[in-house]
Amino acid sequence: SDLKINVGKTKTMVFNHSDVESYPTTLATLNSIPIENVQKFRYLGSEICYNQPRTGDAELQLRMRYADGQFSKHRSKFANQNISLKTRVLLFNSLVRSRLVYGAQTWTLSKRQINQLDSFYTSRLRRLVKNGYKRKEIKNKNENNPNNNNNFALHYSNNDILRICRCEKLSDFNFRLQTAYLGHIARTNNNNPAKQLLFNEILINKKIIICLDSLERSEEHTSELQSH
């Protein structure tokens, strides 16, 4: 056979290993050459860590770095107020958001991670809006009061930024991506390994039911945003 395995490019990984200090450096050999057992590996653009079997913080940090790289590369266009906000938002979602949600169809996120991504996305959108970081004017401001936390309040809330840019929360966008992917897998042949894994020993999956029931609601919400 002409198929050959490149030992240098072949890696193994042990998920949920209890102790990083005792993490094995190799598990197997190929042609008497040890195969490296790694703690972190980048596969198809995704960062996989041995102690983060689900969607880990390392993967999300990588996605945000890539998105920030694209934002910095095109910063002059995003900040150009002579270009309409609608056009800049379309460009932003095409270049920046696409990097941020790469592979999001298979993400399993905690509430903290969802909030982190929503905050990141909105903060970058805020830079597109004129006076997006303008502070709110406070009447009867008491500068001697150390407990006055309103000194740093922004004029536009996160919801205001989304409304001005006519965008949805990133978590809602991710939900639509996952629902569409779920529908795609459900429509494939029953012999599809991905479908078998998804529905393995599950007669009624509550999460799937919630996704399918909410699909129509998400589509209606998107239509409303586009019609405004």
Side-chain angles (χ1 to χ4, degrees), residues 13 15-18 20 39-40 42-68 70-71 89 92-93 96-129 132-133 149-150 152-154 156-186 194 197-202 204-222 224-225:
M13 179 179 291
F15 283 113
N16 290 328
H17 194 274
S18 58
V20 62
Q39 299 180 13
K40 182 183 297 185
R42 189 168 299 178
Y43 179 69
L44 296 178
S46 296
E47 195 85 357
I48 304 174
C49 295
Y50 83 100
N51 57 350
Q52 299 174 1
R54 295 190 175 186
T55 306
D57 291 336
E59 165 65 5
L60 297 187
Q61 291 296 329
L62 178 66
R63 302 264 63 83
M64 288 187 283
R65 287 201 304 271
Y66 281 164
D68 253 345
Q70 284 297 305
F71 188 91
V89 169
F92 174 87
N93 284 334
V96 178
R97 187 180 66 179
S98 60
R99 295 297 182 95
L100 187 58
V101 299
Y102 175 82
Q105 291 88 339
T106 58
W107 283 355
T108 52
L109 303 176
S110 66
K111 184 64 176 178
R112 175 186 61 81
Q113 291 173 320
I114 291 174
N115 292 337
Q116 182 183 19
L117 287 172
D118 276 337
S119 177
F120 177 90
Y121 177 69
T122 309
S123 68
R124 299 311 181 271
L125 274 179
R126 187 179 291 276
R127 299 182 185 180
L128 274 64
V129 177
Y133 279 95
N149 296 323
N150 292 324
F152 299 100
L154 295 171
Y156 295 121
S157 67
N158 286 344
N159 288 333
D160 290 334
I161 294 296
L162 293 172
R163 174 181 54 81
I164 293 171
C165 295
R166 297 182 180 181
C167 292
E168 59 187 328
K169 294 172 63 176
L170 189 71
S171 54
D172 291 338
F173 180 72
N174 285 348
F175 180 83
R176 291 198 296 110
L177 289 178
Q178 292 180 334
T179 305
Y181 179 70
L182 180 63
H184 168 72
I185 294 297
L197 287 172
L198 180 63
F199 294 98
N200 183 33
E201 297 181 359
I202 300 177
I204 299 179
N205 187 307
K206 183 177 180 181
K207 183 176 181 181
I208 293 176
I209 297 299
I210 292 174
C211 288
L212 295 178
D213 288 345
S214 302
L215 177 58
E216 184 176 353
R217 174 182 58 81
S218 299
E219 292 177 344
E220 291 176 353
H221 177 65
T222 304
E224 291 177 359
L225 287 173

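What you see is a predicted model, and the numbers here were worked out from it, not measured in a lab.
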| said: Please give me the minimum heavy-atom distance between Leu177 and Ala104, naming the atom from each residue. | reply: CD1-CB, 4.3 Å
| field | Trace of the side chain to side chain contact (heavy atoms under 4.5 Å, CB included) decision for Ile48 with Phe15 | value | CA-CA 10 Å; Ile48 304 174; Phe15 283 113; 3.7 Å; yes
| request: Would you give the length of the straight line joining atom CG of Leu60 to atom CD of Gln113, rounded to the nearest 0.5 angstrom? | output: 5.0 Å
| With Arg126 via salt bridge (charged side-chain N to carboxylate O under 4.0 Å, His left out) - residues at least two apart | none
| field | Over all atoms of both residues, closest heavy-atom pair of Ile161 and Tyr156 | value | CD1-CB, 3.9 Å
| query | Any cation-pi pair here, Arg124 with Phe120, using under 6.0 Å and within 45°? | reply | yes
| query | Are Trp107 and Arg63 close enough, and set up right, to give a side chain to side chain contact (heavy atoms under 4.5 Å, CB included), and what steps lead you there? | reply | CA-CA 12 Å; Trp107 283 355; Arg63 302 264 63 83; 3.8 Å; yes
| remark: Rounded to the nearest 0.5 angstrom, the CG-NZ distance for Asn115 and Lys169 is 7.0 Å
| message | How long is the straight-line distance from CG of Asn159 back to CD1 of Ile164, given to the nearest 0.5 Å? | response | 11.0 Å
| field | Approximate separation, where rounding is to 0.5 Å, of Thr179 OG1 and Gln105 CD | value | 10.5 Å
| field | Taking every non-hydrogen atom, the tightest pair across Leu170 and Arg97 | value | CD1-CG, 3.8 Å
| query | Can you name the nearest heavy-atom pair linking Ser46 to Tyr102, along with the distance? | reply | OG-CE2, 4.2 Å
| query | How long is the gap from CD on Glu59 to CZ on Arg42, to the nearest 0.5 Å? | reply | 9.0 Å
| said: Just to verify, what does Asn93 make a side chain to side chain donor-acceptor pair (under 3.5 Å) with, not counting sequence neighbours? | reply: Tyr121
| field | Reported CG-to-CG distance for the pair Asp118 and Asp172, which is rounded to 0.5 angstrom | value | 7.5 Å
| Set of residues satisfying salt bridge (charged side-chain N to carboxylate O under 4.0 Å, His left out) with respect to Arg65, sequence neighbours excluded | none
| field | Between Ser157 and Asp160: side-chain donor-acceptor atoms closer than 3.5 Å | value | yes
| task | Can you see which heavy atom on Glu47 is nearest to which on Lys40, and at what distance? | result | OE2-CD, 2.6 Å
| task | Determine, step by step, whether Arg176 and Glu168 satisfy the side chain to side chain contact (heavy atoms under 4.5 Å, CB included) criterion, reporting the C-alpha distance in whole Å, the side-chain angles of both residues, the deciding distance to 0.1 Å, and the verdict. | result | CA-CA 11 Å; Arg176 291 198 296 110; Glu168 59 187 328; 2.6 Å; yes
| query | Are Asp57 and Arg112 close enough, and set up right, to give a side chain to side chain contact (heavy atoms under 4.5 Å, CB included), and what steps lead you there? | reply | CA-CA 10 Å; Asp57 291 336; Arg112 175 186 61 81; 3.1 Å; yes
| note | Here the pair of heavy atoms bringing Gln116 nearest to Met64 is NE2-CE, 3.5 Å
